[in-house]
Novice: 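I have a structure here, written as structure tokens, and I will follow up with some questions on it.
Chain letters run A, B, ... following the sequence lines, proteins first, then strands; residues in each count from 1.
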Amino acid sequence: MPFLTPNSLAALLESAVSTRSALLGRAAHAQIIKTLDNPLSSFLSNHLVNMYSKLDLPGSAQFVLSLTPSRTVVTWTALIAGFVQNGHFVSALLQFSDMLRECIRPNDFTFPCAFKASASLRMPVMGKQVHGLAVKDGQIRDVFVGCSAFDMYSKTGLRDEARKLFEEMPERNIVTWNAYISNAVLDGRPRNAVDSFIEFLRVGGEPDSITFCAFLNACSDASYLEPGRQLHGLVIRSGFEADVSVSNGFIDFYGKCREIGSSEMVFYKMGQRNDVSWCSMVTAHVQNDEEEKACMVFLQSREEGIEPTDFIVSSVLSACAAFSGLELGRSVHALAVKACVEGNIFVGSAIVDMYGKCGNINDAKQAFHEMPKRNLITWNAMLGGYAHQGHADMALALLEEMTFGSNEVVPNYVTLVCVLSACSRAGAVKMGMEIFESMRVKYGIEPGVEHYACVVDLLGRAGMVERAYEFIKKLPIPPTTSIWGALLGACRVYGKPELGKIAADNLFELDPKDSGNHVVLSNMFAAAGMWEEATIVRKEMKDVGIKKGAGCSWISVKNSVHVFQAKDSSHERNSEIQAMLAKLRREMKEAGYVPDTKFALHDLEEEEKISEVWYHSEKIALAYGLITIPPGLPIRIIKNLRICGDCHSAIKFISGIVGREIVVRDNSRFHRFKDGQCSCRDYW
DNA sequence: CTAGGGTTAG
């Protein structure tokens, strides 16, 4: 080892920090002990403390500090800064007060660390004290100190203090403005954020990538499509076109403004993409109801060797949940375990939600109980799983546990939506009404649109359509589409075309373009034999230019998804499918199945009606499942619309004949068929 | 030795 000067030793310590090499740091320390006399000079000990603290070795850092008799504010600040950078905020503040006890005055480097620690801990009381010190010393006039104090007040919710500080600042730089704009967004004041960005430009400020990202966040939050679009020009002129973070911001912004095409454009034009780019693209697809595309992008990211971060994993899990992609969901769960992110509360909640929405309540339960930490979202995800399955008793038990257990969660708005919806799906009218009526007093939650819709659904599903209508008439708010939609659905099921017409008219007024409502209404008339009315509705749809989304069912076999429409004969194994259908039809007839032609949508001869309901997409998908999925395994089918009554009874017969479990997930619930029975309590 | 930021869950 050549002779090392203090300067070269310091350089060694610095490179240990920049390469995050504790080994190099310790070696340099050993060399310092060997070559230099004790006690340590403050120059080298400052560097040593800095190195240990930055490399998250707080014990060693404190030890060196304690051995340094000539320690100064720089030594202490090196220690505190490292603690803050590594997230040890409480220790950082404790060290800060130890320093004060030694009568060492904090400087313009120390204050920002103390403010950041207070802000991160959401401790305004602490922050205020630090602020007092900074004012007394006159340090508050420093840009760094002032900016971090402002940030602290914003993040701890002391809005007035923050504003005063900002207004009184003697000097502002780009960081100050960025802090102002970002905190306005965090505070839910996007308008303010946009205005201050314009003000910043007006005073001649030159935005950087952080300013652009903050501005885009404001635009995403408030759906300011035009301002965000216009930013593109400025970004190019400022030379930030190739900035990855800014592009990521645009992907997110366009996605949230439902301009998914623009998101894709930005994404595919990027020269460099990082894991956030991929994650933003996945999320943008999920937010635009393109779950399959979200999964495709995710799979592509795997091929590109992108790290499966907690962010990406939770995003893609929510996509799986939305389209019941159990197979992919399971493999993402496995991947999460492999990548050591399954303990993350976002990921864990998404896993619980995914299993719940895919109908695997036991897996959801297991994931829920295995989580190291649970928050309100996790509990609600579990409740949502019970709601999906109509397990009102389980949902209620969980709500009790949540309320009276030693948990740190308090039921909120969504919690009550989940519980009420569990009741409505279980047909537990009395229980549901009791919960609804007591929610304000017992849980302190003001009923909202979703709760009202649950009650209408609860009454409607139980056949009390008139009572549901009376309930709607007494609502303190104007009924929404979900409320009238619940009534219309019930009228269709229970054959109440007059009331259904009222619900439908209200729906058309609120949302004239929605195809679903027209279809339900037309189907309701058709089921009641009111063919003329049914035809009128269909004609109206045509006139206004409403296209009915095609009904389809899909089934996942091995790793591919097979989609079928009604009367579909396009599959490559069509002849086998037809043979299976014919065989089933014979055996079902022997077992006593009678086609229910009131689910035919057109006024045809009886024979034609029978044929129409027989070739519904779910039956074709089921036939394909029977010829491809090995015996013993359940067959899972997903349908984008609601399963019809004839298919429901047909699949009951089929489950008995073939002796297999068949699960159908339609757009409103799960149907688990086994031994000729179905788990649901629905009527058609 | 210091301040501002991007994507996630019901």
Novice: Look at the side-chain N and O atoms of A:Q85 and state whether any lies under 4.0 Å from the OP1 or OP2 oxygen of B:dT2.
Specialist: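 Answer yes for this pair, as a side-chain N or O of A:Q85 is under 4.0 Å from OP1 or OP2.
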
Novice: Under 4.0 Å between a side-chain N or O of A:K54 and OP1 or OP2 of B:dT2?
Specialist: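 The answer is yes; a side-chain N or O of A:K54 sits under 4.0 Å from OP1 or OP2.
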
Novice: Short question: side chain of A:R122, backbone of A:A119 - any donor-acceptor pair under 3.5 Å?
Specialist: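 Yes; judged by distance alone, with no hydrogens or angles, the pair exists.
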
Novice: Taking side chain to side chain donor-acceptor pair (under 3.5 Å) as the test, write out the residues that go with A:E161, two or more places apart.
Specialist: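 For A:E161, no residue satisfies side chain to side chain donor-acceptor pair (under 3.5 Å) once neighbours in sequence are set aside.
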
Novice: Tell me which residues in residues 271-289 of chain A put a heavy atom below 4.0 Å from DNA chain B, sorted by number, or none.
Specialist: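 Close to the strand are A:N274, A:V276, A:C279, A:S280, A:T283, A:Q287.
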
Novice: Does anything in residues 243-256 of chain A come within less than 4.0 Å of DNA chain B? Heavy atoms only, and list the residues if so.
Specialist: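 Here the set is A:S245, A:N248, A:D252, A:K256.
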
Novice: What closest approach, in Å, do A:V84 and A:C113 show between heavy atoms, and which atom pair accounts for it?
Specialist: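 In terms of heavy atoms, the two residues are closest at CG2-O, 3.6 Å.
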
Novice: When you look at A:F83 and A:F89, which way does the ring pair (Phe, Tyr, Trp, His ring centres under 6.0 Å) test go after all the steps?
Specialist: CA-CA 7 Å; A:F83 279 18; A:F89 304 118; over 10 Å; no

Novice: Any idea which heavy atoms bring A:S263 and A:I251 closest together, and the distance?
Specialist: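 Smallest heavy-atom distance, with atoms named: OG-O, 2.8 Å.
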
Novice: For DNA chain B, find the residues of residues 368-383 of chain A with a heavy-atom distance under 4.0 Å and give them by number; none if there aren't any.
Specialist: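 Result for residues 368-383 of chain A: A:N375, A:I377, A:N380, sorted by number.
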
Novice: Is NZ or CZ of A:R374 both nearer than 6.0 Å to the six-membered ring centre of A:F368 and within 45° of the ring axis?
Specialist: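 Verdict for A:F368: a cation-pi partner in A:R374.
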
Novice: Are side-chain N/O atoms of A:H333 and A:D363 paired as donor and acceptor at under 3.5 Å?
Specialist: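 Their side chains do not contain a donor-acceptor pair, so the 3.5 Å distance test is not met.
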
Novice: Test for a donor-acceptor pair under 3.5 Å between the base of B:dA3 and the side chain of A:N173, counting only N and O atoms.
Specialist: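 It does, because a donor-acceptor pair links the side chain of A:N173 to the base of B:dA3 below 3.5 Å.
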
Novice: So, is A:K155 close to the B:dG5 phosphate, meaning a side-chain N or O under 4.0 Å from OP1 or OP2?
Specialist: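 So the side-chain polar atoms of A:K155 do come within 4.0 Å of the phosphate oxygens OP1 or OP2 of B:dG5, strictly under.
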
Novice: Which residues pass the ring pair (Phe, Tyr, Trp, His ring centres under 6.0 Å) test with A:F166, not counting sequence neighbours?
Specialist: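 If we apply the ring pair (Phe, Tyr, Trp, His ring centres under 6.0 Å) test to A:F166, skipping adjacent residues, the hits are A:F150, A:W177, A:Y180.
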
Novice: Would you state whether a donor and an acceptor, one from the side chain of A:S314 and one from the base of B:dT8, lie under 3.5 Å apart?
Specialist: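 Side chain to base: pair present.
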
Novice: Which residues pass the salt bridge (Lys or Arg N to Asp or Glu O under 4.0 Å) test with A:K357, not counting sequence neighbours?
Specialist: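 Listed in chain order: A:D353.
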
Novice: Between the base of B:dG10 and the side chain of A:N412, is there any donor-acceptor pair under 3.5 Å?
Specialist: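 Yes.
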
